[in-house]
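Reading through the C-alpha cells given below for one structure.
Numbering of residues begins at 1 and proceeds along the displayed sequence.
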Amino acid sequence: MTTMHTLDELDGQPHANVFPDREPKTVRLSLDADESVPAHSHPGRDIVLYLVEGEVELQLGDRTHDLTAGEIARFEGEQEISPRAVEPSVALIVLAPRSE
C-alpha cells in the first residue's frame with residue numbers, strides 16, 4: 001500500500017508525524033524565527049534531517065552546524081540535538097532504528 005502526504009497538510013506544531021505508528025519514524029518540524037527545540041536525544045536511532053525551507057542552527061553535542069534550505073544532515077541519535085530556527089523553517093526528519 002502506498003501512502004502520500006504533502007508537508008503543508010500535516011497537523012501539529014512544531015512536530016507533525018507524517019506516518020503515525022510506522023517505521024522509520026518520519027516527522028515534519030516547523031519552527032518560527034528564533035524558535036528552538038530543547039536539547040534531547042534519540043538513542044538507538046540514525047537520523048536524517050532535510051531542511052526544506054529556512055535556515056537552522058543545528059546543535060549536535062558540543063558543535064553547532066548551520067543548515068540552509070536544501071541541505072541534509074545525518075547523525076546518530078545518542079548525542080544531544082537542539083535545532084534553532086534563524087528564520088521560519090521547515091524540516092523533514094527521518095528517525096530509523098539503528099541496525100546493529
Side-chain angles (χ1 to χ4, degrees):
M1 176 165 81
T2 302
T3 305
M4 298 176 65
H5 296 284
T6 65
L7 289 179
D8 292 336
E9 72 185 7
L10 298 173
D11 292 328
Q13 290 292 333
H15 299 91
N17 198 340
V18 179
F19 305 108
D21 304 318
R22 302 282 184 173
E23 290 289 342
K25 185 175 181 180
T26 307
V27 176
R28 183 211 61 206
L29 175 66
S30 179
L31 298 172
D32 291 328
D34 293 321
E35 187 177 10
S36 64
V37 175
H40 63 287
S41 63
H42 296 280
R45 300 235 182 214
D46 284 324
I47 301 171
V48 174
L49 184 151
Y50 169 63
L51 193 59
V52 177
E53 57 187 63
E55 184 178 349
V56 167
E57 291 177 348
L58 181 61
Q59 184 75 33
L60 293 175
D62 59 356
R63 297 192 63 201
T64 301
H65 305 272
D66 296 320
L67 295 175
T68 57
E71 293 186 312
I72 299 171
R74 182 176 182 270
F75 51 93
E76 294 179 354
E78 275 71 23
Q79 62 192 320
E80 290 283 306
I81 173 177
S82 179
R84 185 188 75 78
V86 175
E87 59 186 53
S89 301
V90 175
L92 184 66
I93 304 170
V94 178
L95 301 96
R98 177 168 298 126
S99 58
E100 300 299 324

Is it possible for you to say whether V37 and L58 belong to one hydrophobic cluster, with membership spreading through side-chain heavy-atom contacts below 4.5 Å?
-> yes
- Without swapping roles, check the side chain of S89 against the backbone of E55 for a donor-acceptor pair under 3.5 Å. yes
Here the gap from I81 atom CD1 to H65 atom NE2, rounded to the nearest 0.5 Å, amounts to 10.0 Å
Residues at least two apart in sequence or cross-chain that pass side chain to side chain donor-acceptor pair (under 3.5 Å) with T64, listed by chain then number, are Q59
By side chain to side chain donor-acceptor pair (under 3.5 Å), R84 pairs with (sequence neighbours left out) D34, E57
query = Given the rule that I, L, V, M, F, W and Y join up when any side-chain heavy atoms are under 4.5 Å apart, are I93 and V52 in one cluster?
reply = no
| task | Evaluate side chain to side chain contact (heavy atoms under 4.5 Å, CB included) for T26 paired with L92, printing each intermediate quantity in order. | result | CA-CA 7 Å; T26 307; L92 184 66; 3.8 Å; yes
Taking every heavy atom of S82 against every heavy atom of P38, the minimum-distance pair comes out as OG-C, 4.1 Å
Taken in chain and number order and not counting sequence neighbours, the residues that satisfy side chain to side chain contact (heavy atoms under 4.5 Å, CB included) with A33 are P88
With sequence neighbours left out, the residues meeting side chain to side chain contact (heavy atoms under 4.5 Å, CB included) with R74 are D46, V48
Donor-acceptor contact present, side-chain S30 to main-chain R28, <3.5 Å = no
Taken in chain and number order and not counting sequence neighbours, the residues that satisfy salt bridge (charged side-chain N to carboxylate O under 4.0 Å, His left out) with E78 are R98
Are any non-hydrogen side-chain atoms of V94 and I47 less than 4.5 angstrom apart?
-> no
Hits for side chain to side chain contact (heavy atoms under 4.5 Å, CB included) against P97, two or more places apart or cross-chain, chain-then-number order -> E23, R45
Check step by step if side chain to side chain contact (heavy atoms under 4.5 Å, CB included) holds for L29 and V90. CA-CA 6 Å; L29 175 66; V90 175; over 6 Å; no
Going only through I, L, V, M, F, W and Y residues with side-chain contacts under 4.5 Å, is there a path from V56 to Y50? no
Quiz item: Hey, are the side chains of V27 and K25 touching, using non-hydrogen atoms and a 4.5 Å cut-off?
Solution: yes
